[in-house]
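Because the structure is a prediction, the values reported are computed rather than measured. Position 1 is the first residue of the sequence; numbering continues from there.
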Amino acid sequence: QVQLVESGGGSVQAGGTLRLSCARFGYIISSISMAWFRQAPGKEREGVAAIDHDGRTRYADSVKGRFTISQDNAKNSLYLLMNSLKPEDTAMYYCAADYRNPAQSALSYEYKYWGQGTQVTVSS
């Protein structure tokens with residue numbers, strides 16, 4: 001069983017920066033794949049960024065060049081650095097994990113483990 005806890009959300013003005021963190025608890029193996037998703041009210045859940053067990057990253061077109069996903073396996077932590085934030089980035093952000101490697105489907109895969117989310121609000 002894997003538990004995920006997000007932190008680092010908040011309210012910022014357009015153009016600002018936030019860094020989200022996701023702490024992992026429980027039995028973790030090195031092959032775990034992880035991702036960040038977001039969901040705004042009335043909208044579908046959207047895959048934002050993903051990183052597989054080899055460190056390969058994938059990004060949604062809407063955040064490419066602005067967001068950076070990374071992980072520190074020694075600390076059992078996942079991060080999302082969000083630069084040049086836009087009001088359109090406002091959403092609840094969730095981290096997700098799975099022992100299966102979804103590869104090219106990483107931004108749409110149905111991950112097994114999910115956190116409770118952290119709110120990001122970007123004002124204009």
query: Does the pair Ile69 and Tyr79 meet the rule for a side chain to side chain contact (heavy atoms under 4.5 Å, CB included), with working shown?
result: CA-CA 6 Å; Ile69 188 172; Tyr79 306 99; over 6 Å; no

task: With rounding to the nearest 0.5 Å, note down the distance linking SG in Cys22 to CG in Asn76.
output: 10.5 Å

field: Tyr113/Tyr99 under side chain to side chain contact (heavy atoms under 4.5 Å, CB included): CA gap, chis, key distance, verdict
entry: CA-CA 9 Å; Tyr113 304 102; Tyr99 290 116; 4.2 Å; yes

Glu110 to Asp98 - nearest heavy-atom pair and separation: O-OD2, 4.0 Å

task: With sequence neighbours excluded, tell me which residues meet salt bridge (Lys or Arg N to Asp or Glu O under 4.0 Å) with Arg66.
output: Asp89

field: Candidate pair Thr17 and Asn83, rule side-chain hydrogen bond (donor to acceptor under 3.5 Å, both in side chains), full reasoning
entry: CA-CA 5 Å; Thr17 297; Asn83 292 317; 3.1 Å; yes

- prompt: Just by modelled atom types, is the Leu81 backbone N or O under 3.5 Å from a matching donor or acceptor in the Thr68 side chain?
  reply: no

message: Other members of the hydrophobic cluster containing Met92, with the 4.5 Å side-chain heavy-atom rule, please.
response: Phe37, Tyr94, Tyr109, Tyr111, Trp114

message: If you define the side chain from C-beta out and look only at heavy atoms, does anything of Asn73 sit under 4.5 Å from Arg24?
response: yes

field: Residue list, side chain to side chain donor-acceptor pair (under 3.5 Å) with Gln104, at least two apart or on another chain
entry: none

field: Pairwise distance CH2(Trp36) to CG(Leu20) - rounded to 0.5 angstrom
entry: 4.5 Å

- request: Considering non-hydrogen atoms only, spot the tightest contact between Ala40 and Ala91 and give its length.
  value: N-CB, 3.9 Å

- line: Glu6 and Gly117 have their tightest heavy-atom pair at OE1-N, 2.8 Å

field: Partners passing side chain to side chain donor-acceptor pair (under 3.5 Å) against Ser123 (at least two apart in sequence or in another chain)
entry: none

message: Under a 3.5 Å distance rule, please check whether Asp52 uses its side chain to pair with a backbone N or O of Gly55 as donor and acceptor.
response: yes

query: Is the number of heavy atoms from other residues, nucleotides or ligands within 6.0 Å of CD (Gln116) greater than 12?
result: no

message: I'd like to know if the side chain of Thr118 reaches the main chain of Gly9, judged simply by a donor and an acceptor atom lying under 3.5 Å from each other, with no hydrogens or angles considered.
response: yes

query: Is there a side-chain contact between Val48 and Leu107, using heavy atoms and a 4.5 Å cut-off?
result: no

task: Output the distance between atom NZ (Lys112) and atom OG (Ser33), rounded to the nearest 0.5 Å.
output: 14.0 Å

- request: Find the distance between SG (Cys95) and CG (Leu78) and round it off to the nearest 0.5 Å.
  value: 6.5 Å

query: Side chains of Leu80 and Tyr93: closer than 4.5 Å at any heavy-atom pair?
result: yes

- prompt: Which atom names give the shortest non-hydrogen contact between Gly47 and Ala60, and what distance separates them?
  reply: O-CB, 3.4 Å

message: I'd like to check Met82 versus Val120 (side-chain heavy atoms, cut-off strictly below 4.5 Å). Are they in contact?
response: yes

query: Which residues pass the side chain to side chain donor-acceptor pair (under 3.5 Å) test with Arg56, sequence neighbours left out?
result: none

task: Supply the atom-to-atom distance Ser70 OG to Met34 CE, rounded to the nearest 0.5 angstrom.
output: 11.0 Å

message: Ignoring hydrogens, what is the shortest heavy-atom contact between Ile32 and Ala97? Give both atom names and the distance.
response: CD1-CB, 3.7 Å

statement: dist Ser21:OG -> Lys75:NZ (nearest 0.5 Å) comes out at 9.5 Å

Sequence-distant partners of Glu46, side chain to side chain donor-acceptor pair (under 3.5 Å), two or more places apart: Arg38, Ser62

